[in-house]
There are 2 protein chains.
Amino acid sequence: MGATKLDIYDQNITDIAMIAKVFAHPARVAILQYISNQEACICNDIVDEIGLAQPTISQHLKVINDAGLLHGNYKGKSLCYCLNIDRFKAFQELLNSFFNTTQTNCC
Amino acid sequence: MGATKLDIYDQNITDIAMIAKVFAHPARVAILQYISNQEACICNDIVDEIGLAQPTISQHLKVINDAGLLHGNYKGKSLCYCLNIDRFKAFQELLNSFFNTTQTNCC
DNA sequence: TTTTATCATCGTAATATTGCAATATTACAT
DNA sequence: ATGTAATATTGCAATATTACGATGATAAAA
């Protein structure tokens with residue numbers, strides 16, 4: 001009990017849910033917005049910007065990264081996280097395809 | 001510790017996160033898809049369709065309803081849930097506005 | 001090489017979510 | 001009013017998430 005029953009849903013449904021989960025925490029939305037607005041995107045800057053501890057930010061970054069939304073390059077001693085814009089746009093399209101195939105048929 | 005710190009984020013960021021949370025569970029995505037594809041949308045049908053117990057479905061419906069995504073009409077002895085399509089489209093636009101203002105500036 | 005700065009991982013406590021059985025409520029038919 | 005079918009609520013156990021201090025790893029600088 002307690003755990004999500006993943007085996008009973010269609011693949012496209014679990015895909016939508018997994019994408020939405022990335023955006024389902026304000027820290028991750030804020031991180032994504034921040035990264036996309038900066039030229040250099042160093043993790044410690046995010047810690048300063050958002051009022052959360054460094055391990056917490058790092059944990060959220062891992063969730064975002066596991067979803068394939070980041071790629072990082074080393075620049076000096078700081079890690080530069082950048083948005084994987086192709087993946088990001090693919091997420092947008094998947095969500096829109098769900099929204100657009102949904103209609104109201106009754107009431 | 002453990003609870004999301006909601007007070008440190010901009011309103012639009014928490015809005016996006018709250019919307020995404022509704023779609024962040026496959027049961028809720030499946031319910032929304034199912035409702036939108038049926039002519040009559042009775043809860044017990046959803047229980048049969050998705051392999052979850054009636055109280056669990058009812059709980060997920062409450063989350064969807066609390067987000068303003070449903071309106072219900074009574075039809076005979078069964079409750080007819082219907083998609084609040086205006087709210088649904090508003091959700092889509094908010095998500096798209098977030099996606100569209102996000103760019104990649106480095107790496 | 002030692003220090004320093006930056007980011008990741010581990011361990012853990014607090015809180016939230018998920019799922020269901022039992023029970024309550026609601027609306028309708030009789 | 002009473003019975004019945006459909007949905008909601010409650011209470012609880014299992015699991016997941018969030019947050020952070022302590023610690024570890026890595027790379028540049030001293």
Side-chain angles (χ1 to χ4, degrees), chain A residues 1-9 13-14 17-18 20-31 34-35 38 40-67 70-82 107, chain B residues 1-9 13-14 17-18 20-31 34-35 38 40-67 70-82 107:
Chain A
M1 249 193 288
T4 299
K5 288 184 165 181
L6 281 168
D7 51 318
I8 61 174
Y9 306 104
I13 284 176
T14 53
M18 282 176 65
K21 212 166 222 178
V22 177
F23 300 94
H25 194 284
R28 291 194 286 271
V29 178
I31 288 169
Y34 181 74
I35 289 177
Q38 298 308 111
C41 35
I42 295 144
C43 182
N44 200 251
D45 289 356
I46 304 178
V47 174
D48 293 341
E49 184 72 15
I50 305 169
L52 292 173
Q54 179 266 325
T56 308
I57 297 290
S58 195
Q59 200 171 271
H60 282 302
L61 276 167
K62 182 168 159 48
V63 174
I64 297 170
N65 187 56
D66 287 350
L70 296 179
H71 47 236
N73 287 48
Y74 283 98
K75 244 190 191 176
K77 60 190 159 197
S78 296
L79 182 56
C80 175
Y81 278 115
C82 302
C107 300
Chain B
M1 247 191 292
T4 298
K5 290 183 167 182
L6 281 168
D7 52 318
I8 61 174
Y9 306 103
I13 284 177
T14 53
M18 283 176 66
K21 212 166 221 178
V22 176
F23 300 94
H25 195 286
R28 291 194 286 269
V29 177
I31 288 170
Y34 181 74
I35 290 177
Q38 298 308 113
C41 34
I42 295 145
C43 182
N44 200 251
D45 290 357
I46 303 178
V47 175
D48 294 342
E49 183 72 15
I50 306 170
L52 292 173
Q54 179 266 324
T56 308
I57 297 290
S58 195
Q59 200 170 271
H60 281 302
L61 276 168
K62 182 170 160 46
V63 174
I64 296 170
N65 187 57
D66 287 350
L70 296 179
H71 47 236
N73 285 49
Y74 286 96
K75 244 190 191 174
K77 60 190 160 202
S78 296
L79 182 58
C80 176
Y81 278 116
C82 302
C107 298

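Letters A, B, ... are given to chains in the order of the sequence lines, protein chains preceding strands, and every chain is numbered from 1. All values reported here derive from a predicted model rather than from experimental measurement.
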Q: Mapping A:Thr4 and B:Gln54 to their closest nucleotides on DNA chain D, which lands nearer the 5' end?
A: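 Between the two, 5'-proximity favours B:Gln54.
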
Q: Distance check needed: C:dG19 C1' versus A:Tyr9 OH, whole Å only.
A: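 Going from A:Tyr9 (OH) to C:dG19 (C1'), I get 10 Å.
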
Q: Applying a 4.0 Å non-hydrogen cut-off, can you work out what B:Leu52 is touching in the nucleic acid: base, sugar-phosphate, or nothing?
A: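 The answer is sugar-phosphate, as B:Leu52 gets under 4.0 Å only of primed atoms, P, OP1 or OP2.
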
Q: When only distance counts, do a donor and an acceptor, one from the side chain of A:Gln59 and one from the base of C:dA8, lie under 3.5 Å apart?
A: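 Such a pair does not exist between side chain and base.
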
Q: Report the residue (A:Lys21 or A:Ile57) whose heavy-atom-nearest nucleotide on DNA chain C is the more 5′ of the two.
A: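 Closest to the 5' end, via its nearest nucleotide, is A:Ile57.
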
Q: Rounding to a whole Å, what distance do you find between B:Leu61:CG and D:dA6:P?
A: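 Value for this atom pair: 16 Å.
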
Q: Whole angstrom is fine here: how far is it from NZ in A:Lys5 over to C1' in D:dA14?
A: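 Value for this atom pair: 13 Å.
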
Q: Where does the angle between the aromatic ring planes of B:His60 and B:His25 fall among parallel (under 30°), tilted (30 to 60°) and perpendicular (over 60°)?
A: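 Ring orientation, 0 to 90° scale: tilted.
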
Q: Using whole Å, what does the distance between atom P of nucleotide C:dT6 and atom CD of A:Glu49 come to?
A: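 Interatomic distance, CD of A:Glu49 to P of C:dT6: 16 Å.
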
Q: Using a 4.0 Å heavy-atom cut-off across all strands, classify A:Thr56 as base, sugar-phosphate, or nothing.
A: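 Base contact - A:Thr56 has a heavy atom under 4.0 Å of at least one base atom.
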
Q: Closest nucleotide of DNA chain D for B:Pro55 versus for A:Gly51: which of these residues is on the 5' side?
A: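 Result of the comparison: B:Pro55.
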
Q: From NE2 of B:His25 over to P of D:dT15, roughly how many Å is that when rounded to an integer?
A: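 It is 14 Å, rounded to the nearest whole Å.
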
Q: For B:Ser58, report the nucleic acid contact type (base, sugar-phosphate, nothing); a contact means any heavy atom under 4.0 Å.
A: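 It contacts base atoms.
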
Q: If I take atom CD1 in residue A:Ile64 and atom C1' in nucleotide C:dA8, what distance separates them, rounded to the nearest angstrom?
A: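 It is 15 Å, rounded to the nearest whole Å.
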
Q: Below the 4.0 Å mark, does C:dT17 have OP1 or OP2 next to a side-chain nitrogen or oxygen of B:His60?
A: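 For C:dT17, OP1/OP2 do not have a side-chain N/O of B:His60 under 4.0 Å.
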
Q: From the options C:dC7, D:dT18, D:dC20, select the nucleotide whose nearest atom is closest to the side chain of A:Ala53.
A: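 Ranking C:dC7, D:dT18, D:dC20 by closest atom to the A:Ala53 side chain puts D:dC20 first.
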
